[in-house]
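These notes are about the structure you will find just below.
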Amino acid sequence: MQVSLRPIHDSDLPVFFRLTNDPESVRMAAFTAKDPTDRDAFDAHWKRVRALPGVLNRTVLADGDVVGNAAVYGDPGEREVTYWIDRAYWGKGIATAALLRDLLAEEPERPLHARVAADNAGSRRVLEKCGFRVTGHDRGFANARGDEIDELLLTLEA
């Protein structure tokens with residue numbers, strides 16, 4: 001499967017909205033929008049993050065199809081990686097390829113940080129395959145679960 005990244009197009013947003021409304025994906029991601037079904041809030045979020053300077057936003061493609069998004073954002077020294085992949089493509093190496101080969105190559109700053117729900121073994125595996133290491137633990141309110149949950153803090157050093 002050919003995995004690539006490209007800048008986000010307006011036509012990608014309906015796909016992203018559909019992906020962020022998959023109940024299993026939302027549960028695994030845990031730290032989601034308060035109401036993932038609120039299209040106005042979704043559109044406002046993407047309008048804001050696409051306009052922020054210094055944010056590296058990319059669409060993830062698999063064999064030319066939009067299957068998710070990946071980004072690096074934040075202030076120097078605190079930059080964080082985030083991504084969302086269509087559940088139909090989980091376990092196929094797409095997130096790892098998109099992050100390791102493409103997004104991390106495009107973003108020169110190190111260290112980079114990531115957060116993951118402690119029970120999201122798949123996302124943790126992706127990050128570790130890309131060189132991130134667990135550097136801490138935290139608890140945070142997860143909208144998708146309606147409760148505070150444990151999360152892992154990961155760092156990719158220079």
Point to revise | Set of residues satisfying salt bridge (charged side-chain N to carboxylate O under 4.0 Å, His left out) with respect to R125, sequence neighbours excluded | key: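 Result, salt bridge (charged side-chain N to carboxylate O under 4.0 Å, His left out) vs R125: none returned.
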
Should [X] and [Y] be regarded as members of a common hydrophobic cluster, given that ILVMFWY residues are connected when their side-chain heavy atoms come within less than 4.5 Å of each other, either directly or indirectly?
X	Y	result
Y73	L156	no
W90	Y83	yes
L127	V3	yes
V116	V26	no
L154	L56	yes

Review point. Is there a side-chain contact (heavy atoms from CB on, under 4.5 Å) between W84 and T20 once you walk through the steps?
Key: CA-CA 8 Å; W84 194 288; T20 59; 3.9 Å; yes

So does [Y] get a backbone contact from the side chain of [X], meaning a donor-acceptor N/O pair under 3.5 Å?
X	Y	value
E109	G77	yes
N57	V49	yes
N143	T32	yes
N21	P36	yes
R79	L112	no
R133	E128	yes
R27	R145	no
D138	E151	no

Distance, nearest 0.5 Å, that separates [atom1] of [X] from [atom2] of [Y]:
X	Y	atom1	atom2	value
D86	I94	CG	CD1	8.5 Å
N69	T82	CG	OG1	7.5 Å
Y89	L19	OH	CG	10.0 Å
T155	R110	OG1	CZ	12.0 Å
R87	M28	CZ	CE	11.0 Å
H113	L153	NE2	CG	9.5 Å

Review point. Does some side-chain heavy atom of W46 sit less than 4.5 Å from a side-chain heavy atom of I8?
Key: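 I8 vs W46: side chains touch.
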
Review point. Any side-chain heavy atom of T59 sitting closer than 4.5 Å to one from H9?
Key: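 Of all side-chain heavy-atom pairs linking H9 with T59, none is under 4.5 Å.
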
Point to revise | Pairs touching residues 123-158 that satisfy ring pair (Phe, Tyr, Trp, His ring centres under 6.0 Å), sequence neighbours left out | key: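 Qualifying pairs: none.
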
Practice item. Given side-chain contact (heavy atoms from CB on, under 4.5 Å), test L5 with V60 step by step and report yes or no. Key: CA-CA 5 Å; L5 298 181; V60 179; 3.5 Å; yes

Practice item. Over 60° means perpendicular and under 30° means parallel, so classify the ring planes of F17 and F42, tilted if in between. Key: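 Perpendicular.
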
Check your understanding: Are R39 and D43 ion-paired here, with the side-chain N under 4.0 Å from a carboxylate O?
Key ->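 D43 and R39: salt-bridged.
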
Check your understanding: Between D10 and R50, is the closest basic N to carboxylate O distance under 4.0 Å?
Key ->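 So R50 pairs with D10 through a salt bridge.
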
Review point. Considering all heavy atoms of both residues, which atom of L103 and which atom of A70 are nearest to each other, and what is their separation?
Key: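 Heavy atoms of L103 and A70 come nearest at CD2-CB, 3.8 Å.
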
Exercise for review: List the atom of D35, the atom of T37, and the distance in Å for their closest heavy-atom pair.
Suggested key: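 Minimum heavy-atom contact is OD1-OG1, 2.5 Å.
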
**Study point:** side-chain contact (heavy atoms from CB on, under 4.5 Å) between R124 and V134, worked out
**Key:** CA-CA 9 Å; R124 178 181 178 174; V134 175; 3.6 Å; yes

Practice item. Walk me through it: do E107 and L99 pass the test side-chain contact (heavy atoms from CB on, under 4.5 Å)? Key: CA-CA 10 Å; E107 173 57 56; L99 285 176; over 6 Å; no

Check your understanding: Hydrophobic cluster mates of I149, side-chain heavy atoms under 4.5 angstrom, ILVMFWY only, any path?
Key ->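 Its cluster mates, by chain and number, are F31.
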
